[in-house]
Each structure stands twice: as C-alpha cells, then as structure tokens.
Amino acid sequence: VQLQASGGGSVQAGGYLRLSCAASGRTFSSTSVGWFRQAPGKERVFVAAIRSRGGTIYTDSVKGRFTIGREDATNTVFLQMDNLNPEDTAIYYCAVRTNDRFLNNDILRYRNNYNYWGQGTLVTVSS
C-alpha cells in the first residue's frame, strides 16, 4: 500500500485547509485510516481517525474544528481543518491500519497500531 498525503500549505490563523490521503495498492474501504502530526522538535501525535464503517475519533484539541471523512469512490480520506491556529503547524501524516476488526477505537490513537504511512504534508499557520 502506498499513501500520498496532499493539501498542505500556509494559512493565517482562522483559515482552513483540506488534506487528502490517497491510497494505491489497496482500497481504504475495509481499513481504518488515521491522521497524525509532528510539530518541529516534537513527537508525532494523533489527530483523528476513521474506521471502515465511518466511526470517527479525534484528539481533544481539534474537536469541533477538524472533520475526517472518507470518499470511497476516489479511495481517499480527507481531513477538513477549519479555524486553524498556529499550534496546528506541523507535518501531517496519514496512516492505514489494515485490521479494522477491533472493539476499542482508542487503539487508533497509537502510531504502532498502523501498518502503512504516507510521506507527510506540511501545514503552516501564521498568527
């Protein structure tokens, strides 16, 4: 599976961006897909994830501002990011967990529970 993240850029605080994660080699439809981000000098951390049947989970700092969704027709998962602030500045990575048969959505918060990663797309938010 190869993942291609796109849509990053530079915006001012309060602005918005829409990131996309496209997959080749496997359909997203039976997998869980997550977005993580890594700010300069910091660890890569969880942002949001979506399960094959549409269940979602978010980190607290983005709830109400970010929306994760699936576009199965194009084999793409998006991350709509609204009301961005400078603390959202980071490289954003998408990742796939191929085993979608689990009960606790919280396992999607941990990097080690994903099988494939994309290369990242840079988001810069200025104040």
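Position 1 is the first residue of the sequence, and the numbers go up from there.
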**Q.** Backbone of Ala23 reached by a side-chain donor or acceptor of Asn75 within 3.5 Å
**A.** yes
(Q) Please find the pair of heavy atoms, one from Lys63 and one from Asp60, that lie closest to each other, and give the distance. (A) NZ-OD1, 3.1 Å
Q: Give the cluster check for Ile57 versus Val96: same hydrophobic cluster or not, with ILVMFWY residues linked at side-chain heavy-atom distances below 4.5 Å.
A: no
(Q) Any heavy-atom pair between the side chains of Arg65 and Met81 that's under 4.5 Å? (A) no
**Q.** Derivation of the side chain to side chain contact (heavy atoms under 4.5 Å, CB included) call for Thr76 and Gln4
**A.** CA-CA 9 Å; Thr76 300; Gln4 180 73 40; over 6 Å; no
Q. At what distance, to the nearest 0.5 angstrom, does CZ of Arg97 lie from OG of Ser52?
A. 11.5 Å
Q: Go through the steps to decide whether Tyr16 and Val11 satisfy the test side chain to side chain contact (heavy atoms under 4.5 Å, CB included), and finish with yes or no.
A: CA-CA 7 Å; Tyr16 65 92; Val11 297; over 6 Å; no
(Q) To the closest 0.5 Å, what do you measure between CG (Asn99) and CG (Asn115)? (A) 8.0 Å
Q: Identify the heavy atoms of Ser32 and Leu108 that sit nearest to each other, and give their distance.
A: CB-CD2, 3.7 Å
Q: Give a yes or no answer on whether the side chain of Thr124 reaches the backbone of Thr89 with a donor-acceptor pair at less than 3.5 Å.
A: no
Q) Between Leu3 and Ala95, what is the shortest heavy-atom contact and its length? A) CD1-CA, 3.9 Å
Q: Assess Arg51 against Phe102: is NZ or CZ under 6.0 Å from the centre of the six-membered ring, and within 45 degrees of the ring's axis?
A: yes
Q: Give a yes or no on whether Ile50 and Phe78 share a hydrophobic cluster (residues Ile, Leu, Val, Met, Phe, Trp, Tyr; joining criterion: side-chain heavy atoms under 4.5 Å apart).
A: no
Q. Between Pro86 and Ser126, what is the shortest heavy-atom contact and its length?
A. CG-C, 4.3 Å
Q | Residues Tyr114, Phe36; criterion side chain to side chain contact (heavy atoms under 4.5 Å, CB included); working and verdict | A | CA-CA 11 Å; Tyr114 290 83; Phe36 288 72; 3.4 Å; yes
Q | Ion pair Arg18/Glu71, N-O distance below 4.0 Å | A | yes
Q: Measure from the side-chain N and O atoms of Gln119 to the backbone N and O of Ala5, and report whether any donor-acceptor pair falls under 3.5 Å.
A: yes
Q. When clusters are formed by joining ILVMFWY residues with side-chain heavy atoms under 4.5 Å apart, either directly or through shared neighbours, do Val1 and Val77 land in the same one?
A. yes
(Q) Here's a test for you: under side chain to side chain contact (heavy atoms under 4.5 Å, CB included), which of Val123, Val62, Ile91 qualifies with Arg37? (A) Val62
Q. Are the side chain of Arg111 and the backbone of Arg44 linked by a donor-acceptor contact shorter than 3.5 Å?
A. yes
(Q) Under the criterion side chain to side chain contact (heavy atoms under 4.5 Å, CB included), I'd like the reasoning laid out for Ile68 against Leu79: C-alpha separation, chi angles, the key distance, then a yes or no. (A) CA-CA 5 Å; Ile68 188 170; Leu79 184 69; 4.1 Å; yes
Q.
Looking at Phe46, is its backbone amide N or carbonyl O close enough to the side chain of Arg109 to form a donor-acceptor pair, meaning the two atoms are under 3.5 Å apart?
A. no
Q. Going by the angle between their ring planes, with limits at 30° and 60°, are Tyr93 and Trp117 parallel, tilted or perpendicular?
A. perpendicular
Q. Are the side chains of Thr121 and Leu19 in touch, meaning some heavy atoms are under 4.5 Å apart?
A. yes
Q. Heavy atoms, side chains only, cut-off 4.5 Å: are Leu84 and Phe66 in contact?
A. yes
